[in-house]
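Here is how names work: the chains are called A, B, and so on, in the same order as the sequence lines, proteins then strands, and each is numbered from 1. In this text the structure is predicted, and so the values were computed from the model without any measurement.
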Amino acid sequence: MRIKHLAAATALVLAAVGSAEAKDWSKVRIGTEGAYPPFNSLTADGKLVGFDIDIADALCEEMKVECEFVVQDWDGMIPALQAGKFDAVIASMSITEERLQKVDFTNKYYNTGPAIAVPKDSALTGTTDEALKGALLGAQSSTTHSNYAEEKFPSADLKLYPTPDEYKLDVASGRIDAVIDDVVVLSDWLKSDDGACCKLLGALTPDPEINGIGAGIAIRKEDGDLKAKFNTAIEGIIASGKYKEINDKHFDFDVYGG
Amino acid sequence: MSSLVQSITPRPAPARPARAWSATRIAGHVLMAMWIIAGACLVYYLASNIFSPFVQKYWGKYLEGFVVTLQIVFVSLGLGAALSVPIALARASKVALLRWPAYGYVYFFRGTPLLAQTFLIYYGAGSFRAELTDVDLWWFFRDAWYCIIFAFTLNTSAYQAEILRGAVENVSKGQWEGGRALGLTQPVIFFKIILPQALMVALRPYGNEIILMIKGSAIASIVTIYDLMGETRRAFSRSYDFQAYIWAAVFYLIAVETLRRIWDRLEAKLTRHLKR
């Protein structure tokens with residue numbers, strides 16, 4: 001335990017040194033993954049695009065702050081936020097109990113459910129644990145969807161991948177029988193050429209215990225002022241119609257959810 | 001003629017003059033003390049966490065992962081050892097048609113990262129599914145476990161072939177000639193005379209190769225295998241607790257330390273005729 005205290009003390013000292021001139025949040029660094037289309041992805045020339053990115057830009061404009069994006073692997077997102085590599089995570093991160101123990105979240109900025117996709121010639125018929133018995137089910141590691149699969153489909157054989165790109169390759173080649181992810185992410189992929197291999201098996205009923213209450217912006221626990229700023233900004237862009245504009249640019253349905 | 005009647009009584013060597021406390025010596029002691037304190041803190045931290053919820057929840061998973069890691073390492077090392085003998089022989093052959101492909105094989109597998117080789121085999125095979133199904137090999141390449149064993153075997157066989165070749169070449173030509181003079185056949189000379197002597201030289205490099213494989217096997221975790229590293233990453237992704245990685249390090253250390261001790265014994269045994 002002592003080391004933990006020591007580490008915490010060191011972190012505090014470092015944070016204190018870093019914020020010696022008190023954070024005025026004129027510049028906010030935003031962590032995102034860049035591998036989760038259509039929410040956030042990198043174009044061939046290395047530009048970040050997607051719903052998360054447009055929302056982040058709109059929020060920064062609303063808050064009148066300068067924003068800078070930092071691309072970070074999904075697995076290390078929360079540790080990197082805690083280590084101060086960036087100040088906020090806008091990367092479709094679901095607000096869950098597990099994560100709330102480590103970081104704080106703003107209110108949600110969208111909420112969609114999980115789904116399962118399979119190859120077009122798949123023999124799988126349903127999305128129950130019974131129907132998926134023995135099937136090789138792929139998911140991105142450290143996601144609510146992988147937790148969902150672990151909890152709800154114990155009879156399936158869960159395979160974890162670092163990014164969605166890898167499970168897409170493996171389900172296309174038939175190495176795994178099905179994949180679980182956000183319904184919007186899967187639908188977007190199925191519409192593309194790479195997704196021609198596969199079809200949607202079905203949408204799943206989200207479990208608030210596992211899937212949380214929508215995607216929010218993760219903030220360090222001590223940065224309550226930044227959280228408040230983001231919450232006001234989220235309300236602001238919804239009220240001004242900017243949110244709807246971004247929503248309609250990316251989707252033909254409402255992702256904000258109930 | 002005089003003879004020695006009394007010799008000087010034996011005396012112990014004079015005491016060494018005390019070493020001066022130079023700045024470097026002080027710095028050395030301070031650094032050493034810091035390392036010892038850090039090590040003690042780490043041991044204390046681990047000991048105090050033995051009954052923490054993290055360990056309670058995940059120790060079974062860690063053990064499972066550890067077993068998988070050992071399986072991967074020893075299966076691929078065994079297969080690699082078998083494969084390395086013909087490669088080493090081909091590599092030392094006088095026939096260019098054998099020597100050059102073996103050279104190319106070793107050159108490629110030693111010169112490229114194991115990670116790249118694993119991806120090449122795993123995702124490469126995935127994109128040739130139709131062809132592999134035609135030749136009835138897809139069942140093999142479909143399974144991540146087989147892919148990993150395949151990749152690791154190819155990689156380690158290249159290293160082991162080089163160790164073997166170097167060790168065999170280290171045995172003097174006279175041993176071959178002596179064997180021939182006794183009328184022994186080539187295989188008998190190789191397996192009964194040359195190989196035992198070569199193994200003496202090869203033992204340490206072999207030990208290093210096994211240690212490298214134990215650590216390199218962590219690569220298996222990124223192609224969906226739940227080895228020690230895979231279980232560690234899973235535990236970390238649920239808990240965001242950095243002790244996940246410390247426990248993984250402990251397991252890897254246990255494996256390497258056990259191996260080191262076995263190797264010391266083996267070396268003592270193989271070189272017992274050299275002891276004075």
Query raised in the report: Are there more than 12 heavy atoms of other residues, nucleotides or ligands under 6.0 Å from atom OH of B:Tyr146?
Result: no
**Report entry** B:Glu131 atom CD, neighbour heavy-atom count above 12 within 6.0 Å
**Finding:** yes
Query raised in the report: So with a 6.0 Å cut-off around NZ of A:Lys221, is the heavy-atom count from everything else above 12?
Result: yes
Query - Trace of the side chain to side chain contact (heavy atoms under 4.5 Å, CB included) decision for A:Glu166 with B:Tyr123 - result: CA-CA 9 Å; A:Glu166 280 116 15; B:Tyr123 290 112; 3.1 Å; yes
Report summary line: If one checks every heavy atom of B:Tyr122 against chain A at 4.5 Å, the contacting part turns out to be both
Query raised in the report: Quick one: are A:Ser146 and B:Arg234 in side-chain contact, heavy atoms under 4.5 Å?
Result: no
Report task. Select one option (side chain, backbone, both, neither) describing which atoms of A:Gln101 are under 4.5 Å from chain B's heavy atoms. Result -> neither
Query - A:Asp73 atom CG, neighbour heavy-atom count above 12 within 6.0 Å - result: no
Report task. Pick out which of B:Val223, B:Thr224, B:Ile225 makes a side chain to side chain contact (heavy atoms under 4.5 Å, CB included) with A:Lys159. Result -> B:Thr224
Query raised in the report: For the candidates A:Asp170, A:Asp75, A:Leu169, which exhibits the highest count of non-hydrogen atom pairs separated by less than 4.5 Å from chain B?
Result: A:Asp170
**Report entry** Taking every non-hydrogen atom, the tightest pair across B:Ala125 and A:Arg175
**Finding:** CB-NH2, 4.0 Å
Query raised in the report: Do other residues, nucleotides or ligands put more than 12 heavy atoms under 6.0 Å from the CD atom of A:Glu97?
Result: no
Report summary line: Residues B:Ser239 and A:Lys102: closest non-hydrogen pair is O-CE, 3.1 Å
**Report entry** Any side-chain heavy-atom pair of A:Arg99 and B:Tyr240 under 4.5 Å
**Finding:** yes
Query raised in the report: Between B:Gly230, B:Ser237, B:Ser127, which shows the greatest number of heavy-atom pairs under 4.5 Å with chain A?
Result: B:Ser237
Query raised in the report: chain A heavy atoms under 4.5 Å from B:Arg129: which part of the residue, side chain, backbone, both or neither?
Result: side chain
Requested in this report: Count the heavy atoms belonging to other residues, nucleotides or ligands that lie under 6.0 Å from CZ of B:Phe108, then report whether that count exceeds 12.
Outcome: yes
Query raised in the report: Is the NZ atom of A:Lys133 crowded by more than 12 outside heavy atoms at less than 6.0 Å?
Result: no
Query raised in the report: If every non-hydrogen atom of B:Arg238 is compared with every non-hydrogen atom of A:Asn147, which pair is closest and at what distance?
Result: NH1-OD1, 3.2 Å
Query raised in the report: So does B:Trp21 have more than 12 non-hydrogen atoms from other groups sitting under 6.0 Å from CH2?
Result: yes
**Report entry** chain B contact via A:Leu158 - which portion, at a heavy-atom distance below 4.5 Å
**Finding:** both
Query - Non-hydrogen atoms of B:Arg233 and A:Pro162 that approach each other most closely - result: NH2-CG, 4.1 Å
Query raised in the report: Heavy atoms, side chains only, cut-off 4.5 Å: are B:Trp138 and A:Ser173 in contact?
Result: yes
